[in-house]
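For reference, the structure discussed in these notes is given below.
All of these numbers come straight from a predicted model, not from anything done at the bench.
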There are 2 protein chains.
Amino acid sequence: MPLVKQMNVIGRPKLRTIVADRLKTFIVKHNLQSGDRLPTETELAKKFGVSRLSLREATKSFEFLGILESKPGRGLTVGSVNMERVTEYLGFHPALHGISLSELIDTRVLIETGVLAHVSQRMKQNDVLYDKLSTINESLRQARSLARWIELDSAFHRELICASGLSPLMAFTDVLAVFFKRFRESIQKAEWSQGIQSHQQIIEFLKAGRVVDAKKELRFHIESHSQRVKTPTQYRDRK
Amino acid sequence: MPLVKQMNVIGRPKLRTIVADRLKTFIVKHNLQSGDRLPTETELAKKFGVSRLSLREATKSFEFLGILESKPGRGLTVGSVNMERVTEYLGFHPALHGISLSELIDTRVLIETGVLAHVSQRMKQNDVLYDKLSTINESLRQARSLARWIELDSAFHRELICASGLSPLMAFTDVLAVFFKRFRESIQKAEWSQGIQSHQQIIEFLKAGRVVDAKKELRFHIESHSQRVKTPTQYRDRK
DNA sequence: TAATAAAGATTGTCTGATAATCTAATGAAC
DNA sequence: GTTCATTAGATTATCAGACAATCTTTATTA
């Protein structure tokens, strides 16, 4: 007969969870900044009373997010969060695939048109913003392959958000970009020029401070994408 | 004399990085959905040609994000992304503390006002939306503690986004909420009633289809937060 | 002094083992 | 036959120890 089962009953928290929490506390308590070094794995493991393996499960999760960095011979250092990494792996998750195209487009229209007032404002004080956007659009004209076109079109819209100076939105739009990539791929070559014209019109409007016109043009530009996509791409092709 | 140093020179990618990528591919290729089961750790390790340990470093990172779940005796299953978890651990990171309050407020104003047109539209077809918001606001009147007030205020604004039906924005505002929590805590009791009145006004405007007025009121409501906060909260209290 | 080589420290990865936990099969009682 | 408790099997959780790979620092040499 088996001994009395160790009563841990419902969810005993995993060790790595505890360690992750203590690591977080450690960083905050010591007020560590990017680049600062942490104790070695062995020391931390001893400090937390767990094996080096359990400690690593926590640090590796942090490293995945970019919170920590580790190199052989150097040790652990505080990193700088890598949003791209996060979004790349969150973006592919099935749960997020259920979002309809119209929802995605509405969201994008909301953010990009909302940003224009800020962009226009900042353009007045800084010519570089206009030049950057203009340069990308110029390259767009010379794009030969579809892949290159998609890359530059994404860059244009990304730069638009960036020009607003609202950094939180940058990270978010990177997530959205993952989904739009697949829609962009259904674009026809004949439609390139139309898109480029729209881009140009938008930045001219912005430079002139005509925000309302820019919004209208941008909304039309984004929404015209959707009309070309006949059927939403299916991802579930088998039972 | 040491042997010729194994020339790997620049960054040979870590095994866990490769494994993470192959795991991602595996999930996408097999079209796995939330709740679906994966092969066992041993099988996956064999499949990828690495040790079980290296495999675990990848799966644990995924588990941390909520992409995977693991239980002893059951195995690995596809999870549903836990944004709270992600934001909790990203939110404490020093690099993200650099975002200024004005940037946060501008971003919030942009999203919340942008959403109002959608909300108003949907309110016409569904009374429940108005009732939900109204109920939260009603509870807000009866809140006694600051903690309760913060909780309900957050809930109101969250419900507002939710009412737009744009689910991508939900996840994003949850991230922003982490940062706003600390600013809400500086609010004065005397200001409660003013906030509640604003809430009420906003939903009345929305119900009446007066989107422009609702936007104006909401913008004022959010921006008035910032004026109360005298100095941006400092996190670096020591060298 | 500067370049090179060696030594030390630290993470990367592997193997193997035991404990904890869940799932499913088994059997007993009604 | 049905329902419940028990058992057995499968799978992850955690540990320990070892060696390789890599970076940093020190020591050596020209």
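Proximity of A:Ser54 to the phosphate of D:dA13: no side-chain N or O atom is located under 4.0 Å from OP1 or OP2. Listed pair A:Lys60 / C:dG12 meets the phosphate criterion, a side-chain N or O lying under 4.0 Å from OP1 or OP2. At the phosphate of C:dA20, neither OP1 nor OP2 sits under 4.0 Å from any side-chain N or O atom of B:Lys71. Residue B:Arg56 places no side-chain N or O under 4.0 Å from the OP1 or OP2 atom of D:dT12.
Ranking D:dA18, C:dT23, D:dA13 by closeness to the A:Arg52 side chain, first place goes to D:dA18. Closest contact between the side chain of A:Glu57 and the listed nucleotides C:dT13, D:dT14, C:dT23 involves D:dT14. Among C:dT13, D:dT14, D:dT12, the nucleotide with an atom closest to any side-chain atom of B:Leu15 is C:dT13.
Listed for the B:Arg16 side chain is no donor-acceptor partner under 3.5 Å among the backbone atoms of B:Leu55.
Under the rule for a salt bridge (Lys or Arg N to Asp or Glu O under 4.0 Å), the partners of B:Glu112 that lie at least two apart in sequence or sit in another chain are B:Arg108. For A:Phe48, there are no ring-ring contact (aromatic ring centres under 6.0 Å, His included) partners at least two apart in sequence or on another chain. The side-chain contact (heavy atoms from CB on, under 4.5 Å) search around A:Leu53 returns A:Ser51, B:Leu53, not counting sequence neighbours. Annotation: side-chain contact (heavy atoms from CB on, under 4.5 Å) contacts of A:Lys47 (sequence neighbours excluded): A:Phe26, A:Leu44. Remark: B:Glu151 engages B:Arg148 in a side chain to side chain donor-acceptor pair (under 3.5 Å) (not counting sequence neighbours).
Sequence order on DNA chain D of the closest nucleotides to A:Arg74 and A:Leu53 puts A:Leu53 first from the 5' end.
Atom pair B:Leu76:CG and D:dT12:C1' shows a separation of 8 Å (rounding to whole Å applied). Computed from coordinates, the B:Leu55 CG to C:dC14 C1' distance equals 14 Å when rounded to whole Å. Atoms CZ (B:Arg16) and P (C:dC14) sit 11 Å apart, rounded to a whole Å.
Contacts of residues 40-51 of chain A with DNA chain D (heavy atom under 4.0 Å): A:Val50, A:Ser51.
For the residue pair B:Ser70 and B:Lys60, a side-chain donor N or O sits within less than 3.5 Å of a side-chain acceptor on the partner.
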